[in-house]
Amino acid sequence: MFKSAAIIMLFGMGFVFVFLCIQVVITTVFAKLAGKFAYLLPEPTKAAPKKPAAAKSDDAATVAVIAAALKQSGRL
(Lines give C-alpha, C1' and ligand atoms only; values in the text may rest on other atoms or scores of the structure.)
Protein backbone atom coordinates (compact mmCIF):
# COMPACT_ATOMS: atom_id res chain seq x y z
CA MET A 1 0.00 0.00 0.00
CA PHE A 2 2.89 2.35 0.78
CA LYS A 3 4.38 1.63 -2.64
CA SER A 4 1.12 2.59 -4.39
CA ALA A 5 0.87 5.82 -2.38
CA ALA A 6 4.48 6.74 -3.23
CA ILE A 7 3.89 6.09 -6.95
CA ILE A 8 0.72 8.22 -6.95
CA MET A 9 2.55 10.98 -5.07
CA LEU A 10 5.46 10.96 -7.56
CA PHE A 11 3.08 11.03 -10.53
CA GLY A 12 1.19 13.96 -9.00
CA MET A 13 4.37 15.88 -8.27
CA GLY A 14 5.59 15.13 -11.80
CA PHE A 15 2.39 16.44 -13.36
CA VAL A 16 2.57 19.63 -11.29
CA PHE A 17 6.22 20.16 -12.21
CA VAL A 18 5.55 19.66 -15.92
CA PHE A 19 2.53 21.97 -15.78
CA LEU A 20 4.53 24.72 -14.07
CA CYS A 21 7.37 24.38 -16.58
CA ILE A 22 4.90 24.70 -19.46
CA GLN A 23 3.33 27.71 -17.77
CA VAL A 24 6.71 29.45 -17.40
CA VAL A 25 7.56 28.83 -21.07
CA ILE A 26 4.18 30.08 -22.29
CA THR A 27 4.36 33.17 -20.06
CA THR A 28 7.85 34.00 -21.34
CA VAL A 29 6.77 33.59 -24.97
CA PHE A 30 3.71 35.78 -24.53
CA ALA A 31 5.71 38.44 -22.68
CA LYS A 32 8.13 38.66 -25.62
CA LEU A 33 5.22 38.71 -28.05
CA ALA A 34 3.53 41.51 -26.08
CA GLY A 35 6.77 43.51 -26.21
CA LYS A 36 6.83 43.29 -29.99
CA PHE A 37 3.27 44.58 -30.34
CA ALA A 38 3.38 47.17 -27.54
CA TYR A 39 3.55 49.98 -30.11
CA LEU A 40 -0.11 49.30 -30.97
CA LEU A 41 -1.28 50.34 -27.51
CA PRO A 42 -1.69 54.02 -26.55
CA GLU A 43 0.77 55.53 -24.11
CA PRO A 44 -0.61 55.77 -20.58
CA THR A 45 -1.30 59.29 -19.37
CA LYS A 46 -0.58 60.44 -15.85
CA ALA A 47 -3.47 62.03 -14.02
CA ALA A 48 -2.70 65.16 -12.04
CA PRO A 49 -2.88 64.51 -8.30
CA LYS A 50 -5.96 66.09 -6.81
CA LYS A 51 -5.97 67.60 -3.35
CA PRO A 52 -9.26 67.83 -1.54
CA ALA A 53 -10.47 71.42 -1.47
CA ALA A 54 -12.26 71.16 1.87
CA ALA A 55 -9.49 69.46 3.82
CA LYS A 56 -9.14 72.26 6.38
CA SER A 57 -12.85 72.50 7.06
CA ASP A 58 -13.10 68.71 7.43
CA ASP A 59 -10.21 68.70 9.88
CA ALA A 60 -11.70 71.58 11.84
CA ALA A 61 -15.08 69.86 11.95
CA THR A 62 -13.47 66.62 13.11
CA VAL A 63 -11.55 68.41 15.86
CA ALA A 64 -14.74 70.16 16.97
CA VAL A 65 -16.67 66.89 17.13
CA ILE A 66 -13.90 65.17 19.11
CA ALA A 67 -13.64 68.11 21.51
CA ALA A 68 -17.41 68.12 22.05
CA ALA A 69 -17.41 64.37 22.71
CA LEU A 70 -14.56 64.66 25.21
CA LYS A 71 -16.24 67.61 26.94
CA GLN A 72 -19.52 65.72 27.21
CA SER A 73 -17.82 62.61 28.60
CA GLY A 74 -16.09 64.75 31.27
CA ARG A 75 -12.53 64.07 30.13
CA LEU A 76 -11.89 67.61 28.95
Side-chain angles (χ1 to χ4, degrees):
M1 191 158 179
F2 182 74
K3 185 177 179 182
S4 297
I7 291 172
I8 291 172
M9 180 187 69
L10 289 174
F11 273 123
M13 290 173 64
F15 282 127
V16 169
F17 181 74
V18 170
F19 172 77
L20 291 176
C21 288
I22 292 170
Q23 186 177 7
V24 167
V25 169
I26 290 174
T27 303
T28 305
V29 168
F30 275 110
K32 289 181 182 179
L33 219 124
K36 287 183 181 180
F37 295 107
Y39 68 91
L40 296 173
L41 298 173
E43 290 293 323
T45 57
K46 292 185 179 179
K50 296 181 180 178
K51 293 185 179 180
K56 290 184 180 179
S57 65
D58 288 343
D59 289 342
T62 304
V63 170
V65 168
I66 292 172
L70 289 174
K71 189 173 184 178
Q72 185 178 9
S73 68
R75 294 186 185 183
L76 187 63

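Grouping the Ile, Leu, Val, Met, Phe, Trp and Tyr side chains by contacts below 4.5 angstrom, directly or via other members, places I66 apart from V63. Connection of L33 to Y39 is established within a shared hydrophobic cluster, with ILVMFWY side chains joined at heavy-atom distances below 4.5 Å, either directly or through further cluster members. Cluster annotation: V18 is not connected to L10 through the hydrophobic network of ILVMFWY side chains, with a link wherever side-chain heavy atoms come within less than 4.5 Å.
In this view, L41 satisfies the side chain to side chain contact (heavy atoms under 4.5 Å, CB included) rule with no residue, not counting sequence neighbours.
The side-chain heavy atoms of Q23 and L20, taken from C-beta on, include a pair separated by under 4.5 Å.
Taking Ile, Leu, Val, Met, Phe, Trp and Tyr as hydrophobic and joining them when side-chain heavy atoms fall under 4.5 Å apart, one finds F17 isolated, its cluster having no other members.
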